[in-house]
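Here the structure is a predicted model, which means the values were calculated and not measured. For ligands, and for the atoms within them, numbers begin at 1 and follow the listed sequence.
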Amino acid sequence: MKKYHNKSELSHYLDNLRDDGVTIGFVPTMGALHNGHLSLVNTALDENDFIVVSIFVNPTQFDNQEDLVKYPRTLEEDINLLKSVSKDKICVYAPTVEDIYGKDIVSKSFKFDGLEQQMEGAFRAGHFDGVGTIVKRLFEIVEPKKAYFGEKDFQQLQIIKKLVELYNLPVNIVGCPIHRAKDGLAMSSRNTRLTKAHRAEAPFIYKTLQSAKAKFKTNSAQKVTKWVEAQFKKNELLELEYVIIADISTLKPVKRKSSKRLYRVFIAVYAGDIRLIDNIALN
Ligand code: PAF
């Protein structure tokens, strides 16, 4: 499997493939790959001749320095995992910070029609400027036909679709369903950092979201979010940061339900110092 740390070498390699008529898909990641990433990789392999998986812990999207420092970095394991999927249809782009940012490690400022102000945007200052900066940069380097993102970061997915629309980028964005552990916990690279007790308690998040979905059939969004808040108040190990029922196109909290709109419930929870997010469709 080919591995690149340098954008010019990667571009040169991909240009040659494109000249031969090879279609290129792209799975951007921050590494510490798990089955959720592998399901994106497998979907991308089904839909493209060749795929690039980027592995880059992007410093500008972290609002919390400790989270950035402690973010798992497991490049060799990641490459072995990808090799077990395919040795000749995947290449890895694992750039240095300098290859992406040069000497100036800063993000650009983006407006995504207000999508960036909700939820993660409200709780993680500058996060979506960092995401917008890195994803746009990676698209310019890789020039994929299609790029794959998980619905666990549903807000990120909507923002990337908006980025593509606003900048007229020639790439199709494909959203892929959340991959869950058997007990329902959404797969995340951060799960490896949970203590035993927090890992055992973490499925409470998905269970509560499922009950919220059932309650949403007959109750208002406000009633359901209050109910979720009450459940977390009783939980001694998990601390709720937010729960919001939002319209999937605006990501704004629902004031009054309409049968014509689609909604999701979004949640962010602290398990000790590990921040977990999840969401499910409500209708
Ligand atoms: O979802 C992620 O892993 C990251 O936000 C992404 C899209 C790779 C950008 O750094």
note = among protein heavy atoms, the one nearest atom 3 (O) of ligand 1 is Met30 CG, 3.6 Å

query = Which atoms of ligand 1 are found less than 4.0 Å from any heavy atom of Pro28?
reply = 8 (C)

query = For ligand 1, which atoms sit closer than 4.0 Å to a heavy atom of Ile134?
reply = 9 (C), 10 (O)

query = Is it the case that Arg18 and Thr23 place a side-chain donor and acceptor less than 3.5 Å from each other?
reply = no

ask   = Would you say His37's side chain and His34's backbone share a donor-acceptor pair under 3.5 angstrom?
value = yes

inquiry  = Just to confirm my output: which protein heavy-atom neighbour is closest to atom 2 (C) of ligand 1, and how far is it?
reply    = Gln156 NE2, 3.9 Å

key: Asn58 N/O under 3.5 Å from ligand 1 N/O   = no

Side-chain donor-acceptor contact under 3.5 Å, Tyr71 with Glu66 = no

task = On the 0 to 90° scale, with breaks at 30° and 60°, tag the Tyr263-Phe216 ring pair as parallel, tilted or perpendicular.
result = perpendicular

task = Indicate whether any N or O donor in one side chain lies under 3.5 Å from an N or O acceptor in the other, for Tyr101 and Asn58.
result = yes

task = Measure centre to centre between the rings of Phe128 and Phe110, then say whether the value is under 6.0 Å.
result = no

task = Can you figure out which of Gln61, Arg137, His127 has its heavy atom closest to atom 4 (C) of ligand 1?
result = Gln61

task = Give the contacting part of Ile160 toward ligand 1: side chain, backbone, both or neither, where contact means a heavy-atom distance below 4.0 Å.
result = neither

